Colleague: 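Please see the structure below; I have some questions.
Counting begins at 1 with the first residue of the sequence. Predicted, not measured: the structure shown is a model, and the values here were computed from it.
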Amino acid sequence: MILYVLIGVLVLAVAGCASVVWAACGGPRWVRAVATVTLLGGEAVRAGRRRGVNRGGGGDGGAD
């Protein structure tokens, strides 16, 4: 079951990347909308990672 979920996530990521490339070449309006959602999702993930590193206390993995 988890394999199907991972495959689904992979398909969505590849489709999102393809839509960004297609939208950059001047694709239809729906492709530009999908590309915008994909880019906003990437920004949200990056922002979450930055907040997680700041909360983690330095990000050195606890090495002394």
Colleague: From Ile2 CD1 over to Ile7 CD1, what is the distance, rounded to the nearest 0.5 angstrom?
Modeller: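 Interatomic distance, Ile2 CD1 to Ile7 CD1, rounded to 0.5 Å: 11.0 Å.
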Colleague: Quick check: is Val34 connected to Val20 through a chain of hydrophobic side chains (ILVMFWY, heavy atoms under 4.5 Å apart)?
Modeller: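 Looking at the clustering, Val34 is in a separate group from Val20.
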Colleague: Between Glu43 and Arg46, does a side chain to side chain contact (heavy atoms under 4.5 Å, CB included) hold up when you go through it step by step?
Modeller: CA-CA 5 Å; Glu43 289 292 326; Arg46 262 184 263 145; 2.9 Å; yes
Colleague: Can you find a heavy atom in the side chain of Arg32 that is under 4.5 Å from one in the side chain of Arg29?
Modeller: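 They are in contact (side-chain heavy atoms under 4.5 Å apart), so the answer is yes.
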Colleague: Could you measure the distance from the OG atom of Ser19 to the CG atom of Leu39? Nearest 0.5 Å is fine.
Modeller: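 It comes to 7.5 Å.
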Colleague: When rounded to the nearest 0.5 angstrom, what is the spacing between CG in Leu10 and CG in Leu6?
Modeller: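 Spacing of CG (Leu10) from CG (Leu6) equals 9.0 Å.
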Colleague: Let me check something: do Val11 and Leu3 share a hydrophobic cluster, defined by ILVMFWY side-chain heavy atoms less than 4.5 Å apart, either directly or through other members?
Modeller: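 Cluster IDs for Val11 and Leu3 match.
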